[in-house]
There are 2 protein chains.
Amino acid sequence: MTDRRTDLPVDVDDAVLGTHRTEPGDGVDDMTGPTSRGIPEATVARLPIYLRVLGALADAGTRTVSSDELAALAGVGSAKLRRDLSHLGSYGTRGVGYDVEHLAYQVSRELGLTQDWPVLIVGVGNLGSALAGYAGFASRGFRVCALVDADPDVIGTTVRGLRVQPAAELEDVVRHTGACIGVLATPAPVAQRMCDRLVSAGVRSILNFAPVVLTVPADVDVRKVDLSMELQILAFKEQRKTSKAIAASPVLGSAAGGVR
Amino acid sequence: MTDRRTDLPVDVDDAVLGTHRTEPGDGVDDMTGPTSRGIPEATVARLPIYLRVLGALADAGTRTVSSDELAALAGVGSAKLRRDLSHLGSYGTRGVGYDVEHLAYQVSRELGLTQDWPVLIVGVGNLGSALAGYAGFASRGFRVCALVDADPDVIGTTVRGLRVQPAAELEDVVRHTGACIGVLATPAPVAQRMCDRLVSAGVRSILNFAPVVLTVPADVDVRKVDLSMELQILAFKEQRKTSKAIAASPVLGSAAGGVR
DNA sequence: CTGACTTTGTTCCAACGTTCACAAACACGT
DNA sequence: ACGTGTTTGTGAACGTTGGAACAAAGTCAG
């Protein structure tokens with residue numbers, strides 16, 4: 001089912017009118033659904049991993065896979081994996097395992113990857129340019145539909161086959177391309193401003209690479225990719241490992257304080 | 001102290017995704033101390049955010065800050081923030097708040113940022129090159145100490161002031177530079193191999209940008225930065241939002257289309 | 001010095017996520 | 001057809017995380 005959404009008013013192309021059955025309804029958080037949309041956040045975060053592993057298995061010609069094998073390949077426990085998959089339905093066969101292709105399709109569908117997601121990249125510097133060329137973008141329903149930047153030297157140039165458009169026309173670009181997802185790859189000082197403009201233009205999903213905490217309305221989702229944060233977390237763990245090693249050392253037993 | 005202006009955007013280009021293997025092994029056995037090192041994972045993940053906000057406040061000349069203000073700036077609840085900070089000691093003053101500089105120093109110290117962390121980047125493509133130039137690297141104790149690549153055309157060239165060394169000599173480079181953290185920015189197919197070599201050379205902290213699930217010994221920490229995963233999670237939420245919007249629409253009330 | 005006010009650090013509890021363990025369900029060999 | 005072995009899906013214990021509320025501890029005005 002191709003369900004293409006532009007963000008304009010409401011498009012009624014494939015919607016069927018008529019039936020009743022208003023089930024999820026509650027304005028805020030629906031979760032009362034029987035089998036409906038009660039998928040935990042943590043599970044959603046792992047589905048892409050499963051999908052990637054399933055893709056690799058399919059490429060290798062594997063037809064079926066057990067939860068143990070799949071879990072090992074994904075780096076999680078098998079119980080967790082089975083529970084995760086159970087949230088999207090019973091697609092396994094007891095005594096056998098899961099059909100790789102079918103399961104991959106179901107996961108794809110649940111994640112919404114069977115439709116097309118136009119992505120707008122804001123900020124075409126080193127990062128934005130690299131992102132525009134990222135193969136993973138095109139691979140699973142994501143399509144870079146436009147690039148915008150504020151730098152006059154960059155506007156008008158062609159990056160990865162797309163012409164960079166002026167940031168001043170951001171709203172028009174969103175409207176014209178029907179972009180659903182905005183990627184912020186700007187310098188930190190302008191990220192919030194650009195974010196606000198994306199939101200007011202109708203974008204409700206934002207992937208932020210700028211090292212700032214964005215403020216957005218409640219119905220907008222922001223995910224952050226922050227290299228410096230990841231490094232700091234690694235440093236913390238490394239430090240903890242090192243201090244433990246020192247404590248365990250028969251010689252340095254209690255020299256404490258020492259740093260590497 | 002000082003302002004560290006971190007950050008510009010980071011860059012990710014052609015590979016993103018990884019895995020991480022946090023397991024029961026991550027061990028915190030020693031709870032013997034007064035300030036027992038029992039800091040929860042979730043708290044550690046937020047410390048870098050607090051640190052960034054504190055840096056911004058210091059730059060703005062703010063001397064003290066309350067938990068409410070700090071929490072608002074960091075985008076978390078004030079109760080959560082206070083509990084997070086309580087894990088590293090009592091550095092606040094009741095009735096007043098926290099001394100910005102002092103708290104920043106304490107957080108830095110807890111994260112291990114008062115020491116120098118030599119970082120080795122493996123893979124100097126579009127992504128690796130952008131990473132090498134990332135300002136956030138140098139800003140907080142992280143120092144890119146070496147670049148390696150397998151491509152003969154790249155080896156020997158100078159990127160961001162560093163000469164790219166042959167991947168064949170990776171072990172020597174690690175030994176010579178004393179690198180503690182390895183950043184994998186290689187194509188997916190060679191990521192595991194390079195990872196293994198990093199580990200056997202003694203690197204125990206790895207930041208992985210390659211879209212593969214890495215397998216490592218229990219005492220090695222791997223963190224992943226995965227663009228494709230983030231996009232898929234956004235797509236899921238966007239899909240959920242639109243289906244809810246459709247359900248709530250008086251006109252399209254319950255076409256129930258693609259649901260399950 | 002005293003009392004009122006502010007804000008931290010902590011305690012309690014509810015919600016969420018993970019792991020264990022096992023019955024139900026299915027394939028397969030005999 | 002029937003028992004045996006395998007694997008899923010799930011009920012229930014367990015641990016972790018988040019949020020409200022509050023006493024302790026400090027400041028500040030007078």
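Side-chain atoms are counted along with the backbone in the values below, which use heavy atoms only and exclude waters and symmetry mates. Chain A is the first sequence line, chain B the second, and so forth, proteins listed ahead of strands; every chain is numbered from 1.
- Contact annotation: B:Tyr98 reaches the phosphate of C:dG9 (side-chain N/O to OP1 or OP2, under 4.0 Å).
- With axes fitted over five pairs at each extremity, the angle between the ends of the helix from C:dC1-D:dG30 to C:dT30-D:dA1 is 10° (10° resolution).
- Regarding A:Glu69, its CD atom lies at a distance of 12 Å from the C1' atom of D:dT6, rounded to whole Å.
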What pairs of donor and acceptor atoms, side-chain ones from residues 73-82 of chain A against any protein atom, are under 3.5 angstrom apart with sequence neighbours left out?
from, atom 1, to, atom 2, distance (Å)
A:Ser78, OG, A:Asp68, OD1, 3.2
A:Arg82, NH1, A:Ser67, OG, 3.1

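- Here C:dT18 presents its C1' atom at 15 Å from CG of A:Leu85, a figure rounded to the nearest Å.
- A:Leu184 places none of its side-chain heavy atoms less than 4.5 Å from the side chain of A:Phe209.
- As a whole-Å value, the separation of B:Leu88 CG from C:dT10 P is 12 Å.
- At least one side-chain nitrogen or oxygen of B:Ser67 sits closer than 4.0 Å to the OP1 or OP2 atom of C:dT8.
- Distance CD (A:Glu41) to P (C:dT18): 11 Å, rounded to an integer number of Å.
- Of the N and O atoms on the side chains of A:Ser205 and A:Asp221, not one donor lies less than 3.5 Å from an acceptor on the other residue.
- In this structure, of C:dG17, D:dG11, C:dT8, it is C:dT8 that holds the atom nearest to the side chain of B:Ser66.
- Residue B:His102 holds its NE2 atom at 12.5 Å from OH of B:Tyr98, rounded to the nearest 0.5 Å.
- Once rounded to the nearest 0.5 Å, the distance linking OG1 of B:Thr242 with CZ of A:Arg204 reads 7.0 Å.
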If you restrict it to nitrogen or oxygen atoms, what contacts under 3.5 Å exist between nucleotides 2-5 of chain C and the protein, and what is each distance?
none

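- Scored by the salt bridge (Lys or Arg N to Asp or Glu O under 4.0 Å) test, A:Arg83 finds no partners at all (sequence neighbours excluded).
- Of the two residues near DNA chain C, A:Pro40 and B:Ala79, the one whose nearest nucleotide lies more 5' is B:Ala79.
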(request) Using a 4.0 Å heavy-atom cut-off, write out nucleotides 25-30 of chain C from 5' to 3' as B (base contacted by protein), S (sugar-phosphate only) or - (no contact). (result) BBS---
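- As rounded to whole Å, 11 Å separates atom P of D:dG19 from atom CG of B:Asp84.
- Taken from NE2 in B:His87 to CG in B:Leu47, the straight-line distance is 10.5 Å, to the nearest 0.5 Å.
- Not counting sequence neighbours, B:Arg94 has no partner by the salt bridge (Lys or Arg N to Asp or Glu O under 4.0 Å) test.
- We find that NE2 of A:His87 is positioned 17 Å from P of D:dT8, with the value rounded to whole Å.
- Inspection of the A:Asp84 and A:Thr43 side chains reveals an N or O donor paired with an N or O acceptor under 3.5 Å.
- Checking D:dA12, C:dG9, D:dG9 against the side-chain heavy atoms of B:Arg82 singles out C:dG9 as nearest.
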(message) Working note: B:Arg46 + B:Glu41, criterion salt bridge (charged side-chain N to carboxylate O under 4.0 Å, His left out); need CA distance, chi angles, decisive distance, verdict.
(response) CA-CA 9 Å; B:Arg46 283 184 294 266; B:Glu41 196 70 20; over 6 Å; no
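- Rounded to an integer number of Å, the gap from CG of A:Asp99 to P of D:dT8 is 13 Å.
- In this structure, B:Gly77 reaches neither bases nor backbone, as no heavy-atom distance under 4.0 Å exists between it and the strands shown.
- OP1 or OP2 of C:dT19 lies within a sub-4.0 Å distance of a side-chain N or O belonging to A:Lys80.
- For the atom pair CG (B:Leu113) and CG (B:Leu51), the distance works out to 6.5 Å, reported to the nearest 0.5 Å.
- Within the 4.0 Å cut-off from OP1 or OP2 of D:dA20, not a single side-chain nitrogen or oxygen of B:Arg83 is found.
- Atom pair A:Asp68:CG and D:dT8:C1' shows a separation of 11 Å (rounding to whole Å applied).
- Partner of A:Val203 under the side-chain contact (heavy atoms from CB on, under 4.5 Å) criterion, out of A:Ile181, A:Leu198, A:Val122: A:Leu198 alone.
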